[in-house]
Amino acid sequence: MEKQTFKTLINAPREKVWKTLWGKNSYPSWTAAFTEGSHVETDWKKGSKAFFLDAKNEGMVSTIAENKPNEFMSIKHLGFVKNGIEDIDSEESRKWAGALENYKLTTVNGKTELTVEMDITDEYREMFMKTWPRALDRVKELAEKN
């Protein structure tokens, strides 16, 4: 697994970018870059489980490792959800176990720099290298709207 970093500069305050990232209505909009019908089931509280799912309710099971509002969110991946069942024991799931996805917001000259660091397996590297820039463009577009 290797860590990849993705960044964008957004002409909006950190609070608005934060709400765009984790808002009930905005989250599915920007994560559609990864898969249509994308949604999340969580309360975003530190230590809570999070289910990152597609339109078929399949995807990843994770925990919220850290949540510092308007500053930092860390998501620790545990495994997959398939056919509505959590899978943290299969070989495929173990490849992702412990992988982190970190979101950092910093103020730069009155704008917000959003930095995403993600541990990525070789199998998904190409897909994420293409989709993260599109996802961040969508976050930027949504956060910069009035």
Exercise. For the pair E71 and K104, evaluate side-chain contact (heavy atoms from CB on, under 4.5 Å) and give the outcome as yes or no after the intermediate values.
Key: CA-CA 6 Å; E71 187 179 329; K104 181 180 176 187; over 6 Å; no
Practice problem: Without swapping roles, check the side chain of E66 against the backbone of S74 for a donor-acceptor pair under 3.5 Å. | Solution: no
Quiz item: Side-chain contact, heavy-atom cut-off 4.5 Å: F72 with L105?
Solution: no
Exercise. Kindly indicate whether the side chain of T107, heavy atoms from C-beta on, has any atom under 4.5 Å from the side chain of R14.
Key: yes
Quiz item: Are F6 and T115 side-chain neighbours, meaning at least one heavy-atom pair lies under 4.5 Å?
Solution: no
Quiz item: So does K3 pair up with D119, basic N to acidic O under 4.0 Å?
Solution: yes
Check residues 50-62 and write down every donor-acceptor pair under 3.5 Å in which the side-chain atom is one partner and the other belongs to a residue at least two apart or another chain.
residue	atom	partner	partner atom	Å
D54	OD1	K56	N	2.8
D54	OD1	N57	N	3.1
D54	OD1	E58	N	2.9
N57	OD1	H39	NE2	3.0
E58	OE2	N83	N	3.1
S62	OG	H77	ND1	2.6

Quiz item: Should I10 and K111 count as side-chain neighbours, where that means a heavy-atom distance under 4.5 Å?
Solution: no
Self-check item: Pairwise distance CE(M1) to OH(Y124) - rounded to 0.5 angstrom
Solution: 11.5 Å
Self-check item: Salt bridge flag under 4.0 Å for residues E86 and K49
Solution: yes
Exercise. Kindly say whether K45 contributes a backbone atom to a donor-acceptor pair with the side chain of N67 at under 3.5 angstrom?
Key: no
Quiz prompt | Centroid separation W18 to Y103 less than 6.0 Å | solution = no
Quiz item: Hey, is the main chain of L21 close enough, under 3.5 Å, to the side chain of W30 for a donor-acceptor pair?
Solution: yes
Self-check item: Heavy-atom check, side chain of E101 versus side chain of K76, under 4.5 Å
Solution: no
Quiz item: Given side chains that start at C-beta, do those of L9 and V108 come closer than 4.5 Å, heavy atoms only?
Solution: yes
Quiz item: Is it true that R138 and E141 have a side-chain N and a carboxylate O under 4.0 angstrom from each other?
Solution: yes
